[in-house]
Colleague: 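Have a look at this one before I ask anything.
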Number of protein chains: 2
Amino acid sequence: MQKQATINDVARIAGVSKRTVSRVINGSLSVGETTRTRVEKVISELKYSPNTQARGLASSRSYLLGLIYDNPDALYLDDVQRGVLEVCSNLGYELVVHPCRYRSETLVQDCLRFMQRSKLDGVIVLPPVSESETLALALKDSGSAYVRLSSVALDEAKHIVVSDDRAAAAEMARYFAQLGHEHIAFISGPQRYKSSTERMEGFQLGLSAYGIKLRPDWIIEGNNTFETGIECARQLLQVETRPTAIFANNDQMAAGVLKVAHSLGIKVPEQLSVAGFDDNMLASRVIPALTTIKRPVRQMALLATSKLIMSIENNDKAATNVAAKVAPTLVVRESTARVPGNSN
Amino acid sequence: MQKQATINDVARIAGVSKRTVSRVINGSLSVGETTRTRVEKVISELKYSPNTQARGLASSRSYLLGLIYDNPDALYLDDVQRGVLEVCSNLGYELVVHPCRYRSETLVQDCLRFMQRSKLDGVIVLPPVSESETLALALKDSGSAYVRLSSVALDEAKHIVVSDDRAAAAEMARYFAQLGHEHIAFISGPQRYKSSTERMEGFQLGLSAYGIKLRPDWIIEGNNTFETGIECARQLLQVETRPTAIFANNDQMAAGVLKVAHSLGIKVPEQLSVAGFDDNMLASRVIPALTTIKRPVRQMALLATSKLIMSIENNDKAATNVAAKVAPTLVVRESTARVPGNSN
DNA sequence: CAATTTTGTGCCACCGATGGCAAAAAGCTA
DNA sequence: TAGCTTTTTGCCATCGGTGGCACAAAATTG
């Protein structure tokens with residue numbers, strides 16, 4: 001391995017002191033124009049790049065961000081990671097990942113240890129872990145920089161990026177109503193998650209604008225897995241009168257609905273419309289392709305990272321000003337259609 | 001944030017010198033039994049944990065591992081990350097991720113910079129990046145510890161964990177043959193990837209044991225995406241005589257085949273058997289659920305990490321001895337069946 | 001043109017560990 | 001008990017940077 005140049009080498013060759021080189025690297029203002037360019041030239045000639053550990057030790061920063069997540073079907077994990085790194089790498093940060101269990105008793109402890117051990121400069125917390133107020137509080141208390149991704153604005157603007165799931169669900173409701181559906185069922189996610197209640201309320205709100213009300217027994221709670229999607233769908237479809245449309249809290253469960261419909265010989269979308277949420281890879285690949293809501297995951301990651309780095313670099317104001325809300329969009333595919341015999 | 005205890009605090013309270021505390025932490029042998037326990041007691045009382053940056057600076061180690069990957073549909077990314085961290089965290093390592101572009105011209109440069117900047121102790125390289133010999137060479141030259149995941153044993157045992165895709169594909173061939181299929185098509189992955197050729201050759205080899213030979217025009221090259229799966233399937237199915245079975249190089253493309261079959265009114269598995277490879281989440285969710293090959297991703301991650309850490313800690317022999325090969329297994333679901341009218 | 005302010009630059013202590021070396025303590029031998 | 005190993009332990013330089021402070025040079029002012 002070719003020996004790495006140090007700041008001393010740069011200083012010596014450029015004929016200045018270490019301190020000055022350090023100033024150039026960190027963009028301190030008080031460096032003369034000529035000195036600066038001279039130093040920069042040497043730096044690039046030597047391909048010098050500062051030793052992160054030494055730098056961290058001296059300045060108590062690590063240039064490391066953390067990603068805390070617990071996603072059973074982390075389909076968008078890669079999207080998030082790429083998004084985060086897109087912002088990171090220009091600014092000299094790297095990303096350390098930390099999968100965990102939301103429901104674990106030691107979650108908070110575990111995450112704090114993680115941050116401390118690696119001396120992370122800040123963390124990005126994905127849903128559903130992001131909904132843990134105890135974690136958020138612990139992070140705040142420990143003075144750590146953090147940004148949460150969620151469906152609800154449950155924190156100050158500088159700490160959060162929200163996807164407006166409520167509005168998106170309302171849009172789905174509108175779409176359903178316009179297709180003429182009146183007998184609509186909803187398969188919700190676990191009610192302990194904000195994202196679930198947001199989507200449900202948004203959907204109900206949207207429907208009510210058209211005078212449609214969800215029958216209480218047509219609201220069934222799943223836990224966002226394919227398997228519970230199947231269970232819930234069975235309850236809804238293996239009965240005398242069934243809904244003409246089902247909106248599931250996510251694509252996984254919607255896929256479960258398709259499975260059940262198929263096995264019962266119910267044609268989608270002719271006899272039953274089905275829609276999901278997330279637009280994960282599954283959505284476009286199942287048959288029929290799912291109508292769903294697309295969350296701008298990448299964009300959320302970009303925004304979150306920008307915010308995070310700004311607050312790390314003591315620019316809270318800028319962090320607050322970065323957009324904190326993104327709008328998911330309706331993606332219509334093949335799994336939804338007009339109610340048969342209803343031509344309004 | 002509660003101020004972190006330093007090694008000096010521990011030393012002072014335990015009434016020994018820094019050096020001794022350091023010895024205890026690093027498991028150096030020459031520490032008296034009594035001193036050791038006393039120090040350990042203080043350490044746990046203070047909840048002391050060494051500052052990684054300082055440690056790294058002094059010992060030129062970072063306790064950071066890297067994960068280099070480029071996976072268009074990184075469905076197993078989470079599996080890998082969890083697997084790696086399962087081993088890591090007990091041993092005090094963390095994981096830094098680095099998505100990249102395999103085909104990028106600057107791949108090698110980019111990865112080396114990544115390692116250098118973060119002073120990583122070692123990296124795990126996922127396919128297809130793992131197939132880059134120039135990268136492997138560069139890593140070796142730079143004296144970095146690394147382990148590659150691949151379908152072929154393209155490196156010394158201590159540097160690789162292979163999944164025997166060839167054997168698995170052969171097993172699929174056997175399964176097809178036993179179902180009575182003779183008119184079989186294969187949708188391959190890009191021929192520049194070893195995994196593609198391995199699977200193809202394994203499949204052909206397996207078939208030849210039953211005296212079956214693939215028609216050259218029934219071997220079509222896709223690029224592992226759903227979309228090319230669709231294209232390839234069209235070529236195979238929109239013709240007079242079509243195969244009775246199609247084996248695709250991965251589940252994404254197999255899903256594409258299902259889509260086309262459905263749109264052409266070809267019943268799967270009654271009129272056409274379809275199988276994929278990977279057993280990603282898609283496989284069990286599409287209709288009909290895909291017969292496929294399951295790769296023990298988690299296990300590969302565990303093995304790779306063990307190897308990596310062993311070689312980092314200068315135990316090459318142990319690293320070599322960790323198992324280097326895992327066997328994917330056939331998972332039969334609904335998309336394959338006996339050839340109609342063939343009862344052998 | 002001297003006095004004063006405003007840059008620009010250098011010196012050096014410090015961040016929190018490790019590791020070489022020497023000294024002290026303990027264990028053995030004679 | 002003196003003399004010699006063998007453990008244990010402590011001192012201190014070191015890793016590669018940062019940041020405070022002092023000082024020199026340049027710019028501004030009276």
Side-chain angles (χ1 to χ4, degrees), chain A residues 1-40 42-43 46-64 92 116-119 121 312-314, chain B residues 1-40 42-43 46-64 92 116-119 121 312-314:
Chain A
M1 176 145 46
Q2 195 187 323
K3 198 164 171 304
Q4 188 73 350
T6 77
I7 199 174
N8 291 301
D9 301 328
V10 177
R12 185 166 28 79
I13 296 179
V16 297
S17 78
K18 267 167 63 153
R19 187 70 185 91
T20 302
V21 178
S22 169
R23 284 197 186 89
V24 171
I25 293 168
N26 295 291
S28 241
L29 330 103
S30 32
V31 177
E33 195 50 49
T34 46
T35 325
R36 151 162 288 128
T37 47
R38 182 151 38 94
V39 171
E40 276 167 351
V42 176
I43 286 182
L46 260 50
K47 291 196 206 315
Y48 165 76
S49 89
N51 178 320
T52 337
Q53 322 205 46
R55 194 133 89 123
L57 182 56
S59 62
S60 57
R61 297 210 16 213
S62 63
Y63 294 89
L64 250 31
Q116 194 139 78
R117 271 222 321 213
S118 311
K119 296 277 178 297
D121 289 344
I312 288 171
E313 297 182 346
N314 286 316
Chain B
M1 175 145 48
Q2 196 189 322
K3 197 163 170 304
Q4 188 71 349
T6 76
I7 198 172
N8 292 300
D9 302 327
V10 177
R12 186 164 29 74
I13 297 178
V16 298
S17 79
K18 269 168 61 154
R19 187 68 185 90
T20 302
V21 178
S22 169
R23 284 197 187 91
V24 171
I25 294 168
N26 295 291
S28 242
L29 328 105
S30 27
V31 178
E33 194 50 48
T34 46
T35 326
R36 151 162 288 127
T37 46
R38 181 151 40 94
V39 172
E40 277 168 350
V42 176
I43 287 181
L46 260 50
K47 290 198 208 314
Y48 164 76
S49 88
N51 178 320
T52 337
Q53 322 204 45
R55 196 134 89 122
L57 182 55
S59 62
S60 59
R61 301 218 2 221
S62 63
Y63 294 89
L64 251 33
Q116 194 138 81
R117 272 222 320 213
S118 309
K119 297 278 180 295
D121 288 344
I312 288 170
E313 298 182 346
N314 286 316

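All values below come from the heavy atoms of this structure, side chains included, with hydrogens, waters and symmetry mates left out. Here the structure is a predicted model, which is why all the values come from computation and not from measurement. Proteins get letters first, then strands, A, B, ... in listed order; numbering begins at 1 in each.
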Colleague: If you measure from CD1 on A:I43 to OG1 on A:T37, what distance do you get to the nearest 0.5 Å?
Modeller: 11.5 Å

Colleague: Counting only side-chain nitrogens and oxygens, does B:T20 get under 4.0 Å of the OP1 or OP2 atom of D:dG10?
Modeller: yes

Colleague: Looking only at side-chain N and O atoms, does A:N8 come under 4.0 Å of OP1 or OP2 in D:dG17?
Modeller: no

Colleague: Ignoring backbone atoms, test whether B:S59 places a side-chain nitrogen or oxygen under 4.0 Å from the OP1 or OP2 oxygen of C:dT18.
Modeller: no

Colleague: Between the base of D:dG10 and the side chain of B:R23, is there any donor-acceptor pair under 3.5 Å?
Modeller: yes

Colleague: So, is B:R55 near the phosphate of C:dG16, with a side-chain N or O under 4.0 Å from OP1 or OP2?
Modeller: no

Colleague: Does the side chain of B:S22 get closer than 4.0 angstrom to OP1 or OP2 of C:dT18 through an N or O atom?
Modeller: yes

Colleague: Can you measure B:N51 atom CG to D:dC15 atom P for me and round it to whole angstrom units?
Modeller: 18 Å

Colleague: Is there, by distance only and without an angle test, a donor paired with an acceptor across the side chain of B:K18 and the base of C:dG16 below 3.5 Å?
Modeller: no

Colleague: B:R117 has an atom CZ; how far is it from atom P of D:dG17, in whole Å?
Modeller: 14 Å

Colleague: Does any donor-acceptor pair link the side chain of A:R19 with the base of D:dG20 at a separation under 3.5 Å?
Modeller: yes

Colleague: May I have the distance from B:I43 (atom CD1) to C:dA17 (atom C1'), rounded to whole angstrom?
Modeller: 13 Å

Colleague: Closest approach to the side chain of A:S17, judged atom by atom: which nucleotide of D:dT8, C:dT18, C:dG10 is it?
Modeller: C:dG10

Colleague: Checking the side chain of B:S22 only, and the main-chain atoms of B:K18 only, is there a donor and an acceptor separated by less than 3.5 Å?
Modeller: no

Colleague: Measuring only between side-chain heavy atoms, which start at C-beta, is B:L57 closer than 4.5 Å to B:Q53?
Modeller: no

Colleague: Nearest-Å distance, CG (B:D9) to P (C:dC15)?
Modeller: 12 Å

Colleague: For A:S62 and A:D121, which heavy atoms make the closest approach, and how far apart are they?
Modeller: N-OD1, 2.9 Å

Colleague: Taking the side chain from B:T52 and the backbone from A:R117, do they hold a donor-acceptor pair closer than 3.5 Å?
Modeller: yes

Colleague: Output yes when at least one side-chain N/O atom of A:N26 is less than 4.0 Å from OP1 or OP2 of D:dT18, else no.
Modeller: yes

Colleague: Measure the distance from CZ on B:R12 to P on D:dG10 and round it to the nearest whole Å.
Modeller: 15 Å

Colleague: Ignoring backbone atoms, establish whether A:Y48 has a side-chain N or O less than 4.0 Å from OP1 or OP2 of D:dG17.
Modeller: yes

Colleague: When you match B:A54 and B:E33 each to their closest nucleotide on DNA chain D, which lands nearer the 5' end?
Modeller: B:E33

Colleague: Provide, to the nearest angstrom, the distance between the CG atom belonging to B:L57 and the C1' atom belonging to C:dC15.
Modeller: 9 Å

Colleague: CZ of B:R61 versus C1' of D:dT14: gap in Å, rounded?
Modeller: 18 Å

Colleague: Where each residue is assigned the nucleotide of DNA chain D containing its nearest heavy atom, which of A:I7 and B:V16 is assigned the position nearer the 5′ end?
Modeller: B:V16

